[in-house]
Amino acid sequence: MKRIVMMVIRNLFLIPYMWIKLNYYAKHVDKYTEKERYNFLDYIVKRANKGGNVSIKASGHENLPNEDGFIFYPNHQGLYDVLAIIEACPRPFSVVAKEEVKNIPLLKQTFLCMKAFMIERDNPRQGLEVILNVAKEVKKGRNYLIFPEGTRSKDGNLVHDFKGGSFKAAQKAKCPIVPVALIDSFKPFDTSSIKPVTVQVHFLPAIAYEEYQEMKTVEIAKMVQEQIQNYINEKVAKPL
């Protein structure tokens, strides 16, 4: 919370402009291209990061598929995760988010701008509908982000079990899977410190559909989880 307050204070003169424009974009999403909306969100994130003493170190851009229509699967460390990936990623993407956060100011407008899907974790039928809709959108060439842990790990750089059901969207879309390793993404918003912090975002090699098409979703989940945890272990031991 302290860092969020610092972000606000240091961008106080820009906040009215950003807030009004963000709300306008959210209410008129079809007037703008996905790239235009994404670029504006990226601008807001970069201003917030600068004001909040947050630096992003990203790598692996060469691992992103040449064509759009893929799904990011990152580990889930904290409330800051999506913001970190927005600054790190040059390609527009949308997200699958929890229904509980859809009415939180700022998050609400951000998700509307991204045309995100909200999932009800206690409603399997609605969850399946979201998976099917995401698969349709990915087939059309949109990129999505799904947190396969389902909720924040709250254990720092320790990755919790990935849920197999999260990978049904990729299976149905027959699209590349892009594992994303987040390191120290819990520090900006999930700790009380306001000291300068560096968050690492690493895009790991994409997994083509042909590589996982014969696997069960639980097997895909385990494979991606292990790749991310192994990469995090290596980077924590040998930081950038």
Side-chain angles (χ1 to χ4, degrees), residues 1 4 22-23 26-27 29 41 69-86 92-140 142-175 177-182 185-191 207 212 215-229 232:
M1 181 59 71
I4 295 176
L22 179 62
N23 274 278
K27 292 179 181 178
V29 288
L41 291 176
F70 55 84
I71 302 178
F72 289 122
Y73 284 96
N75 54 309
H76 196 6
Q77 293 195 340
L79 297 171
Y80 181 77
D81 295 350
V82 173
L83 302 184
I85 298 173
I86 286 177
F93 65 89
S94 187
V95 301
V96 175
K98 297 180 295 184
E99 181 80 10
E100 302 94 280
V101 301
K102 75 173 185 178
N103 290 318
I104 296 177
L106 184 60
L107 288 182
K108 175 183 178 179
Q109 289 78 10
T110 298
F111 290 143
L112 285 172
C113 280
M114 299 178 86
K115 289 189 174 182
F117 283 108
M118 313 308 293
I119 193 165
E120 300 172 18
R121 291 187 291 180
D122 297 327
N123 188 340
R125 180 175 295 181
Q126 189 268 352
L128 177 58
E129 184 178 345
V130 168
I131 291 298
L132 293 175
N133 286 331
V134 168
K136 289 178 182 177
E137 291 293 300
V138 173
K139 285 181 179 179
K140 293 177 183 177
R142 297 190 72 209
N143 308 315
Y144 268 82
L145 181 153
I146 298 175
F147 289 110
E149 285 166 285
T151 189
R152 290 173 285 158
S153 70
K154 297 185 180 180
D155 281 321
N157 292 312
L158 177 64
V159 182
H160 285 197
D161 289 342
F162 281 10
K163 295 176 173 59
S166 304
F167 293 87
K168 289 181 179 178
Q171 278 191 327
K172 292 184 180 298
K174 299 181 180 181
C175 70
I177 288 171
V178 182
V180 183
L182 296 175
S185 188
F186 63 95
K187 291 183 177 180
F189 290 170
D190 293 79
T191 66
I207 305 169
Y212 69 83
M215 299 172 65
K216 297 178 180 179
T217 54
V218 291
E219 295 172 331
I220 302 171
K222 183 178 180 181
M223 173 181 66
V224 175
Q225 177 187 341
E226 289 178 349
Q227 287 184 9
I228 291 174
Q229 186 66 77
I232 289 174

Chemist: Under a 3.5 Å threshold, yes or no: a donor from one side chain and an acceptor from the other, between Asn123 and Glu120?
Modeler: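 There is such a pair (donor and acceptor under 3.5 Å, judged by atom type) between the side chains of Asn123 and Glu120.
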Chemist: Set out, in order, the CA-CA distance, both residues' side-chain angles and the distance that settles salt bridge (Lys or Arg N to Asp or Glu O under 4.0 Å) for Lys216 and Glu219, then state yes or no.
Modeler: CA-CA 5 Å; Lys216 297 178 180 179; Glu219 295 172 331; 5.6 Å; no
Chemist: Out of curiosity, Thr191 OG1 to Lys187 NZ, how far, rounded to the nearest 0.5 Å?
Modeler: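 Nearest 0.5 Å value for the OG1-NZ distance: 8.0 Å.
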Chemist: Side chain of Tyr73, backbone of Ser166: donor and acceptor closer than 3.5 Å?
Modeler: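 Judged by distance alone, yes, a pair lies under 3.5 Å.
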Chemist: Kindly say whether Leu22 contributes a backbone atom to a donor-acceptor pair with the side chain of Gln109 at under 3.5 angstrom?
Modeler: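 No.
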Chemist: Locate the shortest heavy-atom distance separating Ala26 from Cys113; write the atom from each residue and the value.
Modeler: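 The pair with the smallest heavy-atom distance is N-SG, 3.7 Å.
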Chemist: By salt bridge (Lys or Arg N to Asp or Glu O under 4.0 Å), which residues pair with Glu129, not counting sequence neighbours?
Modeler: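 With sequence neighbours excluded, Glu129 shows a salt bridge (Lys or Arg N to Asp or Glu O under 4.0 Å) to no residue whatsoever.
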Chemist: Do Glu149 and Asn75 get their side chains close enough for a donor-acceptor pair, meaning under 3.5 Å?
Modeler: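 No, Asn75 and Glu149 have no side-chain donor paired with an acceptor closer than 3.5 Å.
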Chemist: Taking ring pair (Phe, Tyr, Trp, His ring centres under 6.0 Å) as the definition, give me every residue that meets it alongside Phe186, ordered by chain and number, with sequence neighbours left out.
Modeler: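 Result, ring pair (Phe, Tyr, Trp, His ring centres under 6.0 Å) vs Phe186: none returned.
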Chemist: Yes or no on side-chain contact (heavy atoms from CB on, under 4.5 Å) for Leu158 and Gln229, after CA distance, side-chain angles and deciding distance?
Modeler: CA-CA 7 Å; Leu158 177 64; Gln229 186 66 77; 3.7 Å; yes
Chemist: Given side-chain contact (heavy atoms from CB on, under 4.5 Å), test Leu83 with Leu41 step by step and report yes or no.
Modeler: CA-CA 9 Å; Leu83 302 184; Leu41 291 176; over 6 Å; no
Chemist: Over 60° means perpendicular and under 30° means parallel, so classify the ring planes of Tyr80 and Phe189, tilted if in between.
Modeler: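 It falls in the perpendicular class, over 60°.
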Chemist: Hey, could you give me the CG/CG distance between Asp81 and Asp190, rounded to the nearest 0.5 Å?
Modeler: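 One finds 8.0 Å between CG of Asp81 and CG of Asp190.
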Chemist: Quick one: list whatever passes ring pair (Phe, Tyr, Trp, His ring centres under 6.0 Å) with Phe117, sequence neighbours left out.
Modeler: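 Partners of Phe117 by the ring pair (Phe, Tyr, Trp, His ring centres under 6.0 Å) criterion, ordered by chain and then number, come out as Tyr144.
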Chemist: Would you give the length of the straight line joining atom CZ of Phe111 to atom CE of Met118, rounded to the nearest 0.5 angstrom?
Modeler: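 Here the rounded value is 5.5 Å.
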Chemist: Who are the salt bridge (Lys or Arg N to Asp or Glu O under 4.0 Å) partners of Lys115, not counting sequence neighbours?
Modeler: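 Scan of Lys115 (salt bridge (Lys or Arg N to Asp or Glu O under 4.0 Å), adjacent residues dropped) gives Asp30.
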Chemist: Any chance you could measure His160, atom NE2, to Asp155, atom CG, to the nearest 0.5 Å?
Modeler: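 That separation rounds to 3.5 Å.
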Chemist: I would like to know whether Lys140 and Glu137 meet side-chain contact (heavy atoms from CB on, under 4.5 Å); could you show each step before the answer?
Modeler: CA-CA 5 Å; Lys140 293 177 183 177; Glu137 291 293 300; 3.5 Å; yes
Chemist: Give the ring-plane orientation class for Phe93 versus Phe72, where under 30° counts as parallel, over 60° as perpendicular and anything between as tilted.
Modeler: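 Geometry flag for Phe72 against Phe93: perpendicular rings.
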Chemist: Are any non-hydrogen side-chain atoms of Ile71 and Ile177 less than 4.5 angstrom apart?
Modeler: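 Heavy-atom side-chain distance check fails, nothing below 4.5 Å.
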Chemist: Got a donor-acceptor contact below 3.5 angstrom from the Asn143 side chain to the Phe70 backbone?
Modeler: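 Present.
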Chemist: I'd like to check the ring pair (Phe, Tyr, Trp, His ring centres under 6.0 Å) partners of Tyr212; sequence neighbours left out, ordered by chain and number.
Modeler: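 Checked Tyr212 against ring pair (Phe, Tyr, Trp, His ring centres under 6.0 Å); matches are Tyr209.
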Chemist: Hey, are the side chains of Val82 and Leu107 touching, using non-hydrogen atoms and a 4.5 Å cut-off?
Modeler: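 Side chain of Val82 against side chain of Leu107, heavy atoms only: no contact under 4.5 Å found.
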Chemist: What do the steps show when you test Ile228 against Val180 for side-chain contact (heavy atoms from CB on, under 4.5 Å), and what is the final call?
Modeler: CA-CA 7 Å; Ile228 291 174; Val180 183; 5.7 Å; no
Chemist: Ignoring hydrogens, what is the shortest heavy-atom contact between Cys175 and Gly69? Give both atom names and the distance.
Modeler: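 Closest approach of Cys175 to Gly69, heavy atoms only: CB-O, 3.3 Å.
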Chemist: Flag yes if more than 12 heavy atoms outside Lys98 fall under 6.0 Å of its NZ atom; otherwise flag no.
Modeler: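 Atom NZ in Lys98 is crowded, with more than 12 foreign heavy atoms closer than 6.0 Å.
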Chemist: Does Gln227 use its side chain to pair, donor to acceptor, with the backbone of Pro179 at less than 3.5 Å?
Modeler: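 Side chain of Gln227 to backbone of Pro179, a donor-acceptor pair under 3.5 Å: no, none is there.
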Chemist: For a quick test of reading the model, state the closest non-hydrogen atom pair linking Ala169 to Ala135 and the distance between them.
Modeler: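 Heavy atoms only, the tightest pair is O-CB, 3.8 Å.
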Chemist: For Asp161, what residues pass the salt bridge (Lys or Arg N to Asp or Glu O under 4.0 Å) criterion, not counting sequence neighbours?
Modeler: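 Asp161 satisfies salt bridge (Lys or Arg N to Asp or Glu O under 4.0 Å) with no other residue.
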Chemist: Checking the side chain of Thr217 only, and the main-chain atoms of Phe167 only, is there a donor and an acceptor separated by less than 3.5 Å?
Modeler: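 Answer holds: no.
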Chemist: Measuring from atom CG of Leu145 to atom CE of Met114, what distance do you get when rounded to the nearest 0.5 angstrom?
Modeler: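 One finds 7.5 Å between CG of Leu145 and CE of Met114.
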Chemist: A quick test of your reading: do over 12 heavy atoms of other residues, nucleotides or ligands sit less than 6.0 Å from CG of Asp122?
Modeler: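 For Asp122, atom CG is not crowded (no more than 12 foreign heavy atoms under 6.0 Å).
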Chemist: Can you tell me how far the CD1 atom of Ile131 sits from the CD atom of Gln171, to the nearest 0.5 Å?
Modeler: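 That separation rounds to 10.5 Å.
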